[in-house]
Amino acid sequence: MAQAPLQPARGTHDLIGAEFRRHHLVIETARRVATLYGFEEWSTPIFEDTRVFSRGLGDTSDVVSKEMYVFEDRGGESVTLRPENTAGVCRALVTNGLTQSNLPRKVFYAGPMFRYERPQKGRYRQFHQIGIEVLGAAEPLADAEVIACGWHIQQELGIEEGTVLEINTLGDAASRDAYRAALVAYFTAHRDALSEESRARLEKNPLRIVDSKDPKDRALVAGAPTIHDHLTPEAAAFYAAVKRYLTAFEVPFRENPRIVRGLDYYSHTAFEFVTDRLGAQGTVMGGGRYNGLVEEMGGPATPSVGWAAGVERLSLLVEANALTPEPSRPVAIVPMGEAAELASLAILQSLRDHGVVAEVGYKGNLKRRMERANKINAGAAVILGDAELAEGMAVVKNLDAGSQVRVALPDLLRALAETGVVETAAQAMLQTILEEEFGAEGSDIDLDEPLDADEARG
């Protein structure tokens, strides 16, 4: 009896075809843009000592209390699959002895993260993030530049019309203390109307109530005090500078006083890029300034700022904007006969060596191999039989138009160029290789000259 096919674990999914192309586009675009801003890429372990996240995210956070994949390894050590990567990057700064030299460090990362939460569109238990961190910069210009980099990535992806930057300030320590006291007083007066979870947060972390998604809490939060009435002059000046720099970077924004971060080492800038095009999963990129996280990893005080973005959510916006990359269209090499098959490999590898996607069928008659060429969406086919090889000829077929020409082997590149498959930049290099391989030294072929009617008839 046949066994039922195995399925991916709940909350995970395979990236295949168009979905993978979107995923790859997001990461490669972010990597390219981050490089323009001076960021270098780091790669940290997928699992860490559990203390990296319990210290870094705080015991009262939902991630630590409800969502982390924590297990004991065979040596009895508690390890955790990373739920995010900022803590890991800060840990890496400390353990690699980088806290005292060449600051600030500008770091880009990309990779899988893991959280045990209810799967839904755009949210998985294994998901992927891109992110940047500026480690060791206390100036508001750093805050604005990381935001500008995030906006630039969205522009390069072509999704900026679907997202909006919302910013807020969390102030300095004195501002936060005054704000915390005001929140405690306000929510204590409405304690009975709070959700059970928010009543618990009232004692430990009242700022988290402002970010509650519970409908009961949301009604109360609407009337809660904001931090802007409690900012010190220094904190207000920092926030004003960030907004001024964002304007200079030409990054549009709107202020949202309800954006908060619940941990004590977060300060000053907090921001999110949000969209209404993904249903409930409205945040596609978020971050802010954190001035105590490196200390939690055992390092010195290191003011830092950064953001993380969900690759799956950005990919959904790419799809919604009809920007999914098309797959490469290969040249199909179709040899017929043993001698032709061997000779065709030189053509095959010449194309590949110069950036042209090329495939050859492993078996089958002409009909079967041409069927395969159509299945892989080839733009053109090069048909080479033993008889053609003896004459130094090949047939180039345009699979879109259905037309074909019989050409001398040194003319192969010009015929392929007519199909639009071979990039112009590769033509001259390939032409040289083909001439050397097939002995057409001294050919006066003009690659920019189209085939005339007589040539097209062969």
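Only a predicted model underlies this, so the values are computations on that prediction, with no experimental measurement involved.
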> Is any side-chain N of the basic residue among Glu341 and Arg369 closer than 4.0 Å to the acidic one's carboxylate O?
Replying inline: yes
>> Can you confirm whether Val396 sits close enough to Asn398 that some side-chain heavy atom of one is under 4.5 Å from a side-chain heavy atom of the other?
In response: no
> Can you check whether Glu117's main-chain N or O pairs, donor with acceptor, with Arg125's side chain at less than 3.5 Å?
Replying inline: yes
> How about Tyr37 and His152: do any of their side-chain heavy atoms sit closer than 4.5 Å?
Replying inline: yes
>> Using the rule given for side-chain contact (heavy atoms from CB on, under 4.5 Å), can you reason through Val251 versus Tyr245, listing the C-alpha separation, both sets of side-chain angles and the distance that settles it, and then say yes or no?
In response: CA-CA 9 Å; Val251 180; Tyr245 289 133; over 6 Å; no
> Judged by atom type as modelled, is there a donor-acceptor pair below 3.5 Å linking the side chain of Trp307 to the main-chain atoms of Val146?
Replying inline: yes
>> With rounding to the nearest 0.5 angstrom, report the CD to NZ distance, Glu145 to Lys106.
In response: 4.0 Å
> How would you list, by chain and number, every residue that makes a side chain to side chain donor-acceptor pair (under 3.5 Å) with Glu160, sequence neighbours excluded?
Replying inline: none
>> Whether the side chain of Arg352 engages the backbone of Ala358 through a donor-acceptor N/O pair (distance < 3.5 Å, no angle test) should be reported.
In response: yes
> So does Glu133 pair up with Arg105, basic N to acidic O under 4.0 Å?
Replying inline: no
> In Å, rounded to the nearest 0.5 Å, how long is the span from CD of Glu272 to CE of Met285?
Replying inline: 12.0 Å
> Do Val33 and Phe39 come close enough that some side-chain heavy atom pair is under 4.5 Å?
Replying inline: no
> With no hydrogens and no angle check, is any side-chain donor or acceptor of Thr275 less than 3.5 Å from a backbone partner on Gly162?
Replying inline: yes
> Can you check side-chain contact (heavy atoms from CB on, under 4.5 Å) on Ile167 and Ile259, steps first, answer last?
Replying inline: CA-CA 7 Å; Ile167 65 170; Ile259 297 176; 5.9 Å; no
> Judged by atom type as modelled, is there a donor-acceptor pair below 3.5 Å linking the side chain of Arg258 to the main-chain atoms of Val210?
Replying inline: no
> Under the 3.5 angstrom rule, does the side chain of Asn291 hit a backbone N or O of Pro303 as a donor-acceptor pair?
Replying inline: no
> Is the shortest heavy-atom distance from the side chain of Leu157 to the side chain of Leu323 under 4.5 Å?
Replying inline: no
>> By the salt bridge (Lys or Arg N to Asp or Glu O under 4.0 Å) test, which pairs, at least two apart or in different chains, include something from residues 23-34?
In response: Glu28-Arg31, Arg31-Glu41, Arg32-Glu156
> What distance separates Phe238 CZ from Leu170 CG, expressed to the nearest 0.5 Å?
Replying inline: 11.0 Å
>> What I'd like to find out is whether the side chain of Leu293 reaches to under 4.5 Å of the side chain of Tyr266, using heavy atoms alone.
In response: no
> Can Ser267 and Arg289 be counted as having a side-chain donor-acceptor contact under 3.5 angstrom?
Replying inline: no
> Taking the inter-plane angle between the rings of Phe71 and Phe47 on a 0 to 90° scale, is it parallel (under 30°), tilted (30 to 60°) or perpendicular (over 60°)?
Replying inline: tilted
> Can you find a heavy atom in the side chain of Leu98 that is under 4.5 Å from one in the side chain of Leu135?
Replying inline: no
>> Using side-chain heavy atoms (C-beta onward) and a distance below 4.5 Å, is Leu314 in contact with Ile159?
In response: yes
>> Using only atom types and a distance under 3.5 Å, with no angle test, would you say the side chain of Arg21 pairs donor to acceptor with the backbone of Pro325?
In response: yes
> Aromatic rings His13 and Tyr124: how do their planes relate, parallel, tilted or perpendicular, breaks at 30° and 60°?
Replying inline: parallel
> Roughly how far apart are Asp214 CG and Glu197 CD, rounded to 0.5 Å?
Replying inline: 8.0 Å
> Atom CG in Asp411, atom CG in Leu416: separation rounded to 0.5 Å?
Replying inline: 11.0 Å
> So does Lys397 have more than 12 non-hydrogen atoms from other groups sitting under 6.0 Å from NZ?
Replying inline: no
